[in-house]
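Before any comments, here is the structure.
Counting convention: from 1, in listed order, for ligands and their atoms alike.
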Amino acid sequence: MAAPVLVEERDDRVIATLNRPDKRNAIDLATVDALHAVCDGLEARPRTLILTGAGGVFAAGADIAQLRDRRAEDARRNINAALFIRIHELPMPVIAAMDGYALGGGAELAYAADIRIATPALRIGNPETGLGILAAAGATWRLPALVGEALAAELLFTGRSLSAEEALAAGLITAIHPADDLMDAAHAIADRISANDPLAVQHTKTALRAPRADHPRIDADLQAELFESPEKMRRMTAFLEKRGRA
Ligand code: COA
């Protein structure tokens with residue numbers, strides 16, 4: 001059986017490709033387990049994560065064949081929500097590069113990323129209520145934060161999906177690229193992140209994710225650590241010396 005997620009490891013990034021194209025990359029338990037394994041590696045050695053999907057689709061949701069058989073106790077295990085929270089909390093940035101459908105759990109996986117880009121073929125949304133369930137893996141709390149309460153409510157109650165242009169206008173994605181350029185564009189973002197100090201990037205992510213009540217204390221604590229770092233001294237000295245020569 002083909003691996004449900006293809007994983008390419010590089011020094012500064014990991015590319016995880018959902019790989020059940022004949023099921024439109026529906027997220028089944030094997031996919032969940034494989035993504036947890038990706039998280040194991042990224043927690044042990046922080047790197048940028050690029051999430052994408054094979055076959056012109058990001059992910060058409062949780063696997064409905066498995067969902068149909070799940071009962072109350074399965075709902076309480078929060079299978080997808082727990083994974084997406086773990087992905088959201090990875091130490092380095094997560095980029096979702098989406099072609100085609102990003103529906104249901106597939107959309108919620110993308111909402112858990114830090115940065116989302118897509119092709120013109122994107123259809124992103126949450127049709128869960130049409131299947132008799134709610135979008136319980138992050139949509140009810142992440143989507144309002146990403147697009148505002150009014151649009152989130154409309155999308156979640158109606159199940160309407162957004163086109164790429166609509167998602168861009170709503171701020172849900174930050175760029176649209178032709179399918180042939182999507183991965184280059186994702187890598188270009190990862191390249192820019194890699195040019196920065198990894199610890200500064202990680203601390204920025206920690207601060208970005210902290211609740212309002214933790215600011216500005218958390219920023220000061222993280223900055224205090226960075227102000228003592230040899231890399232800060234090196235980078236600032238390099239900047240000043242370069243200017244001195246000019
Ligand atoms: N779970 C399980 N299987 C899925 C799936 C899902 N979320 N989405 C697609 N599949 C399967 C189909 O059952 C079909 O399997 P089969 O070939 O064994 O019959 C295969 O993937 C291809 O799907 P198909 O519907 O023929 O592809 P399409 O390109 O015509 O349509 C979609 C693509 C995404 C519009 C359509 O598959 C769809 O609506 N999927 C469900 C989306 C959804 O409701 N997601 C929320 C889940 S909570």
Side-chain angles (χ1 to χ4, degrees), residues 1-6 16-36 38 51-88 96-113 116-144 146-147 151-167 170 172-173 176 178-180 182:
M1 201 181 72
V5 179
L6 303 176
T17 305
L18 302 182
N19 186 40
R20 300 177 71 222
D22 54 330
K23 295 291 177 191
R24 303 299 181 266
N25 301 330
I27 300 169
D28 63 352
L29 282 178
T31 306
V32 169
D33 288 346
L35 288 172
H36 273 299
V38 169
L51 282 170
T52 192
V57 171
F58 185 67
D63 190 306
I64 297 169
Q66 292 188 348
L67 270 184
R68 193 181 55 174
D69 294 334
R70 288 188 196 159
R71 307 303 296 265
E73 62 271 25
D74 300 306
R76 292 205 169 82
R77 279 164 58 213
N78 266 341
I79 296 170
N80 287 358
L83 170 67
F84 299 165
I85 287 170
R86 196 175 176 196
I87 288 171
H88 186 72
M98 300 179 280
D99 191 13
Y101 296 107
L103 299 175
E108 289 172 305
L109 173 60
Y111 305 156
R116 282 160 295 279
I117 61 174
T119 72
L122 179 71
R123 297 299 313 185
I124 187 165
N126 288 94
E128 278 89 339
T129 50
L131 291 165
I133 59 172
L134 73 104
T140 58
W141 45 290
R142 287 201 218 284
L143 194 57
L146 289 167
V147 304
L151 182 58
E154 189 227 304
L155 295 177
L156 295 179
F157 289 137
T158 63
R160 180 170 78 87
S161 58
L162 297 179
S163 67
E165 287 293 345
E166 290 171 308
L172 187 55
I173 61 172
I176 301 174
D180 286 348
L182 180 68

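- A salt bridge is defined here as a Lys NZ or Arg NE, NH1 or NH2 lying under 4.0 Å from an Asp or Glu carboxylate O, and Lys23 with Asp63 fails to meet this definition.
- Under 4.0 Å from ligand 1, not a single heavy atom of Val57 appears.
- The single protein non-hydrogen atom nearest to atom 35 (C) of ligand 1 is Tyr101 CZ, 3.5 Å, given as residue, atom name and distance.
- Atom 13 (O) of ligand 1 is never approached by the protein to below 4.0 angstrom, counting heavy atoms only.
- Rounding to the nearest 0.5 angstrom, the gap separating the CG atom in Asn80 from the CD atom in Glu108 is 7.5 Å.
- Counting protein heavy atoms only, atom 38 (C) of ligand 1 is closest to Leu103 CD1, 4.9 Å.
- Within ligand 1, the atoms closer than 4.0 Å to a non-hydrogen atom of Pro127 are 43 (C), 44 (O), 45 (N), 46 (C), numbered from 1 in the order shown.
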(request) Go through the steps for Leu35 and Thr31 under the test side chain to side chain contact (heavy atoms under 4.5 Å, CB included), then give the verdict. (result) CA-CA 6 Å; Leu35 288 172; Thr31 306; 4.1 Å; yes

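- For the pair Leu18 and Leu109, the minimum side-chain heavy-atom distance is below 4.5 Å.
- Proximity of atom 45 (N) of ligand 1 to the protein is indicated by at least one non-hydrogen atom lying closer than 4.0 angstrom.
- A donor-acceptor pair under 3.5 Å is absent between the side-chain atoms of Glu128 and the main chain of Ile133, judged by distance alone.
- For atom 6 (C) of ligand 1, the protein comes within 4.0 Å by at least one heavy atom.
- Scanning Leu131, Thr129, Ile64 for the heavy atom closest to atom 2 (C) of ligand 1 points to Ile64.
- Counting heavy atoms closer than 4.0 Å to ligand 1, residue Ala26 contributes side-chain atoms (C-beta onward) but none from N, CA, C or O.
- Counting only heavy atoms, the protein gets under 4.0 Å from atom 48 (S) of ligand 1.
- Although no hydrogens or angles enter the test, the distance criterion places no donor-acceptor pair under 3.5 Å between the side chain of Ser161 and the main chain of Arg123.
- At a threshold of 4.5 Å between non-hydrogen side-chain atoms, the residues Ile79 and Arg70 count as touching.
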(message) The test is salt bridge (charged side-chain N to carboxylate O under 4.0 Å, His left out); show your working for Asp74 and Arg71 and say whether it passes.
(response) CA-CA 5 Å; Asp74 300 306; Arg71 307 303 296 265; over 6 Å; no

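- The nearest protein atom to atom 8 (N) of ligand 1, hydrogens excluded, is given as Ala60 CB, 3.6 Å; this is a heavy-atom distance.
- An N or O contact shorter than 3.5 Å is missing between Gly104 and ligand 1 by distance.
- Looking only at protein heavy atoms, the nearest one to atom 26 (O) of ligand 1 is Arg24 NH2, 4.2 Å.
- The structure places CG of Leu6 at 5.5 Å from OG1 of Thr17, a figure rounded to the nearest 0.5 Å.
- Looking at Lys23 next to ligand 1, an N or O pair under 3.5 Å apart turns up.
- Against a heavy-atom cut-off of under 4.0 Å, Asp22 is close to the following atoms of ligand 1: 20 (C), 21 (O), 22 (C).
- The proximity of Leu67 to ligand 1, defined as any non-hydrogen pair under 4.0 Å, is limited to the side chain.
- Contact annotation for atom 19 (O) of ligand 1: protein absent (non-hydrogen atoms, distance under 4.0 Å).
- Tyr111 has its side chain within reach of Ile124: a pair of non-hydrogen atoms, C-beta onward, lies under 4.5 Å apart.
- For a threshold of 3.5 Å applied to N or O pairs, the pair formed by Ala62 and ligand 1 contains at least one separation below that value.
- Heavy atoms of other residues, nucleotides or ligands lying less than 6.0 angstrom from CD of Glu154 number more than 12.
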